[in-house]
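Here is how names work: the chains are called A, B, and so on, in the same order as the sequence lines, proteins then strands, and each is numbered from 1.
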Amino acid sequence: MRIYNTLTAEKEDFVPLNKDRVNMYVCGVTVYDSCHIGHARSAIVFDVIQRYLRYRGFKVTFVRNFTDIDDKIINRAKKEGIPWNEVARKYTEEFYSDMDSLGVARADIEPKATEHIKEIIEIVTGLIDKGYAYERDGSVYFEVNKFPDYGKLSKRDKEDMMAGARVEVNERKKDPMDFALWKASKEGEPFWESPWGKGRPGWHIECTAMSIKHLAESFDIHGGGADLIFPHHENEIAQSEAFTGKPFVRYWMHNGFITIDKEKMSKSLGNFFTIKEVLERYDPEVVRFFILSTHYRSPIEFSDEQLKEAEVSIDRYYTTLTRIAEFLSMTHSLENNPPIPPLEKGGKGGFEKAFENTVNSFREKFQTAMDDDFNTALGVGHIFELIREANKYLDSKPSGQKAKELVSKTMELLKEAGSVLNIFRKTPDEWQTALMRTKKIPLTETDMLNRIKAREEARQKKDWAAADTIRKELDEKGIILEDKKDGTGWKIKAG
RNA sequence: GGCGGCGUACCCAAGUGGCUAAGGGGGAGGUCUGCAAAACCUUUAUGCAGCGGUUCAAAUCCGCUCGCCGCCUCCA
């Protein structure tokens, strides 16, 4: 398995520090506002990574934190006139509700900054003792010049950054690059007692404290959005390695951004959609599929067109699943009958052989894709190749035990791959119901069945004009009719 | 200004040295159908921003140019 490591800027073989155990830590959210679709990307990407590692037999301990104390939370509390911890509680709850809908699993451990004040103070004290940090007016700063490796993750040196000139003005710091480990609290702000007086943790220190406590001083994977590389993760490395004297993290993984009109989606630009807004219009599986259709490090342009394509793709899966289920139930009823001999010459036998090859090679292809830095986009491509071949095979009207086995195996493989990506988790009927909800179909199922019945009657009388009128009427409402031998079926138009 | 990334068909998107450049959407034609839908088939990049170079061999490596984006400030 290979993983792109931000630290070395290349794909490396993945070798956990401890055989088949994987310790991974992913930066969660600061709970001061609703999550947008960019947060969803990060959560979904690392959810799939975590799932795939387990699928491959690793024993994973997955930690995802909540930053539940910080300037933004305090400001929000002031604005809303409620206590800061009420803000944190409210948005933590909202985070869970969003993630649950998106099918993002809970982490094994979900620590909060405010529950680790003791550990944070210990580390800050240790850093002062070791000469890496200093106290000024109740705040404690990390002295970047004392850590020679500073910049190794974000690939920059102090001089480069100085040239940028946009450096925080803070008289108390020895050097503008120094960052706060502990912040003295101002009047009226939340605080914890510390050796330096009343204050609260700086942003970066919590991740050091919590990852060391819940994982180890050195661990395998640390992830987050690419915007965390600097300064957050750079600072984490500095303070952690200064404190422990050991390498902090083996593999640094960062997901790319979601863009709108090519620009990064962000709170400050205001060009964002919240998860809730998007889920009003698209099913969670559509959102997951959309995100997993692109490699996790590439930017993704967020647009209706893209989401609709994702919806059509998911629909194609469920349509095929329905065919498969129908085929299997049909062969089931024919089980005791002798198999129908293959039609004419080589044609069908060739189909079967080709399909068998596709089926038998699928798992390996999927795993090879995922083994290569979690290439979900390629994995999805293989899934649709299998779907096309399955449809082709079913078109050839196969029969017999062998056919049943092949088709049944196909269904299992699709579900297996789906379970890693955590998509395809509905029944086809549930998918149709989901589409009715997100597409806001202005018709009840009963109304629809009545119209279909009326059309059936027209068709019996061969009144094609009347039948087509009804078809058209339903089509305009987003419903497609499918005439089959045993009656007329309906489905919601995807896309 | 410094550092980094990207540019693959009409659209989205895999592919980072070597079989005919995955997959999805869309378009065109066809099979099936009362007509459709779904599905399948054929077709839609002798070429991967442009120009040079390295190599037996490059979308893939190197250089330059153009265009877009990100980070350097809170940010998934």
At 4.0 Å (heavy atoms only), tell me whether A/Ile229 reaches a base, stays on the sugar-phosphate, or touches nothing.
nothing

My understanding is that a pair needs two contacts under 3.5 Å, Watson-Crick or G-U wobble. By that rule, which nucleotide pairs with B/rG17?
none

Residue A/Glu482, side-chain atoms from C-beta onward, closest of B/rC35, B/rA38, B/rA39
B/rA38

By centroid distance (under 5.5 Å) and plane angle (under 30°), are A/Phe257 and B/rA76 in a stacked arrangement?
no

Do A/Lys267's NZ or CZ and the ring of A/Phe272 fall within the cation-pi criteria of under 6.0 Å and 45°?
yes

Tell whether A/Arg316 reaches the base of B/rG24 with its side chain through a donor-acceptor pair below 3.5 angstrom.
no

Taking B/rG17 as the reference, what is the distance to B/rA59 when you measure between their P atoms (whole Å, please)?
13 Å

Measure from the side chain of A/Thr319, starting at C-beta and using heavy atoms only, and say which of B/rA38, B/rC41, B/rC69 lies closest.
B/rA38

Give a yes/no answer on whether the side chain of A/Lys264 brings an N or O atom under 4.0 Å of OP1 or OP2 in B/rC71.
yes

Determine whether any donor atom in the side chain of A/Glu309 lies under 3.5 Å from an acceptor atom in the base of B/rG24, or the reverse, and answer yes or no.
yes

B/rU31 and B/rC69: how far apart are their C1' atoms, nearest whole angstrom?
46 Å

Between the base of B/rG15 and the side chain of A/Asn375, is one N or O donor paired with an acceptor at under 3.5 angstrom?
no

Taking the six-membered ring of A/Phe384 as reference, does the cationic atom of A/Arg316 (NZ for Lys, CZ for Arg) lie under 6.0 Å from its centre and within 45° of its axis?
no

B/rG7 to B/rC12 separation - C1' atoms, rounded to the nearest Å:
14 Å

Start with the C-alpha distance between A/Glu189 and A/Arg200, add both sets of side-chain angles, then the distance that settles salt bridge (charged side-chain N to carboxylate O under 4.0 Å, His left out), and finish with yes or no.
CA-CA 9 Å; A/Glu189 286 182 352; A/Arg200 58 190 157 88; 3.4 Å; yes

Do A/Arg388 and A/Tyr393 meet the cation-pi criteria used here (NZ or CZ under 6.0 Å from the six-membered ring centre, within 45° of the axis)?
no

Just N and O in the side chain of A/Arg388: are any of them under 4.0 Å from OP1 or OP2 of B/rC40?
no

Return yes if the base of B/rG34 and the side-chain atoms of A/Arg455 contain a donor-acceptor N/O pair under 3.5 Å, otherwise no.
yes

Heavy atoms from C-beta onward define the side chain here; which of B/rG24, B/rG23, B/rA13 lies closest to that of A/Ser313?
B/rG24

Of A/Asp372, A/Asn5, A/Ile3, the residue whose pairing with A/Lys11 passes side-chain contact (heavy atoms from CB on, under 4.5 Å)
A/Asp372

Considering only side-chain heavy atoms of A/Arg156, which listed nucleotide, B/rA36, B/rC72, B/rC68, is closest?
B/rC72

Given that A/Ser42 and A/Ile300 both sit by RNA chain B, which one's nearest nucleotide is further toward the 5' end?
A/Ile300

Run A/Lys461 and A/Glu457 through salt bridge (charged side-chain N to carboxylate O under 4.0 Å, His left out) and show every step you take.
CA-CA 7 Å; A/Lys461 287 183 262 175; A/Glu457 282 159 15; over 6 Å; no

Does A/Tyr32 or A/Ile387 map to a spot on RNA chain B nearer the 5' end, using the closest nucleotide for each?
A/Ile387

Does A/Asn255 make a side-chain N or O approach to OP1 or OP2 of B/rA76 shorter than 4.0 Å?
no

Nearest to the A/His36 side chain among B/rC41, B/rA76, B/rC74, which nucleotide is it?
B/rA76

So, under a plain 3.5 Å distance rule, would you say the side chain of A/Arg471 forms a donor-acceptor pair with the base of B/rA36?
yes

Side-chain-base donor-acceptor pair under 3.5 Å for A/Asp70 and B/rC74
no

Provide the distance between the two P atoms, one in B/rC6 and one in B/rA14, to the nearest whole Å.
12 Å

